[in-house]
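These values consider heavy atoms only, across backbone and side chains, with no hydrogens, waters or symmetry-generated copies. Just follow the structure's listing: the first ligand is 1, and inside any ligand the first atom is 1.
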Amino acid sequence: MIDIDDSPITRNGNSLILAYDHGLEHGPVDFEDVPESANPEHVFDVARHDAVTALAVQKGIAEQYHHDYSDDVNLLVKLNGTSNLWQPDDFYSPLNCTVDYAVEELGADAVGYTLYAGSDYEDRMAETFRDVQEAAHRHGVPVVMWAYPRGRGVKNDKKTGIISYAARIGLELGSDIVKCKYPGSKGDMEEVVRMTGRTKVVMSGGSKRSDRAFLSDVHNTVAAGGNGLAVGRNVFQREKPTGILDKLEGVVFEGKGVDEVL
Ligand code: FBP
């Protein structure tokens, strides 16, 4: 059993996970708006902000950079991930790093794993997740599930019922935190939170939007009983990432409203 509230990746029960695995998942296109964001050192520096409770990266970036930042940046190793260059018959995300390697060699404070509920390969990913979850808990580190309904079995991945179902799978399979898409309203987020019980819920960021639009979804998530967010592009694609992190700190950890922080 993990007490997630004792983990360094939470602060007063909430989390702000800065996700930076986009070079694998989407490729260089995600770094075009802010070219310096292609440099992991830039994003590790951003992650030094007090609001960031963990930086989520793939093994290679953890291995080459984290030791220079380990005093200031908590590490979440994203264990699986894939490029979007291939065209599989359905969604699958291979394991690129073991829990043992992440914890013992890389010093991970947490691990992350994507599960595509609704894919033809959901069974394989669930079996891998079983090994990941058990190994992580044996090491005393929490598991964050990127709970993405996606694949042939999913007609509309934006429906609240589908998002809740994928998030619920996170509770059922032993995640400490599930990361899911914002379902569109505070009321719908309350339903997701209700379905995940004692597993914490963080909102996924998505493509870059205005400060107000983005912060109001984050505020609704927290007001609905959610526990913060795991975000990439809405932070590192901004010219001044610390500006949005200051505002997020107010909303996620200090109970402030959107108008108050803008
Ligand atoms: P964003 O906030 O930029 O959406 O990042 C969250 C994240 O889950 C990343 O960890 C991942 O690289 C990306 O989204 C995957 O997005 P998708 O699978 O929707 O293309």
Determine, for [X] against [Y], whether the closest basic-nitrogen to carboxylate-oxygen distance falls under 4.0 angstrom.
X: Arg212; Y: Asp259; result: yes
X: Arg11; Y: Asp50; result: no
X: Arg209; Y: Asp217; result: yes
X: Arg168; Y: Glu172; result: yes

Distance under 4.0 Å to a non-hydrogen atom of [X]: what atoms of ligand 1 satisfy this?
X: Gly232; result: 1 (P), 2 (O), 3 (O), 5 (O)
X: Gly205; result: 2 (O), 4 (O)
X: Arg233; result: 1 (P), 2 (O), 3 (O), 4 (O)

Taking a cutoff of less than 4.0 Å between a non-hydrogen atom of the residue and any ligand atom, is [X] in contact with ligand 1?
X: Lys208; result: no
X: Asn234; result: no
X: Gln237; result: no
X: Tyr148; result: yes

For the residue pair [X] and [Y], confirm or rule out a side-chain donor-acceptor distance under 3.5 Å.
X: Ser93; Y: Tyr121; value: no
X: Lys179; Y: Ser204; value: yes
X: Asn84; Y: Glu25; value: no

Can you report which non-hydrogen protein atom sits closest to atom 5 (O) of ligand 1, along with the distance? His22 NE2, 3.0 Å
Identify the protein heavy atom lying closest to atom 10 (O) of ligand 1, giving its residue, its atom name and the separation to 0.1 Å. Asp21 OD1, 2.7 Å
Which bit of [X] is near ligand 1, meaning a heavy atom under 4.0 Å away: side chain, backbone, both or neither?
X: Arg150; answer: side chain
X: Glu25; answer: side chain
X: Lys78; answer: neither

Check: His22 ring centre within less than 6.0 Å of Phe236 ring centre: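 Yes.
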Any side-chain heavy-atom pair of Glu249 and His49 under 4.5 Å: yes
Does the Ser185 side chain pair with the main chain of Asp188, one donor and one acceptor, at a distance under 3.5 Å? yes
Between Lys179, His26, Lys181, Gln58, flag the one that comes closest to atom 16 (O) of ligand 1 by a heavy atom.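 That would be His26.
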For ligand 1, is there an N or O atom under 3.5 Å from any N or O atom of Trp146?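 The answer is yes, given that Trp146 and ligand 1 share an N or O pair closer than 3.5 Å.
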Quick one: does Ala19 get an N or O within less than 3.5 Å of an N or O on ligand 1?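 The answer is no, given that Ala19 and ligand 1 share no N or O pair closer than 3.5 Å.
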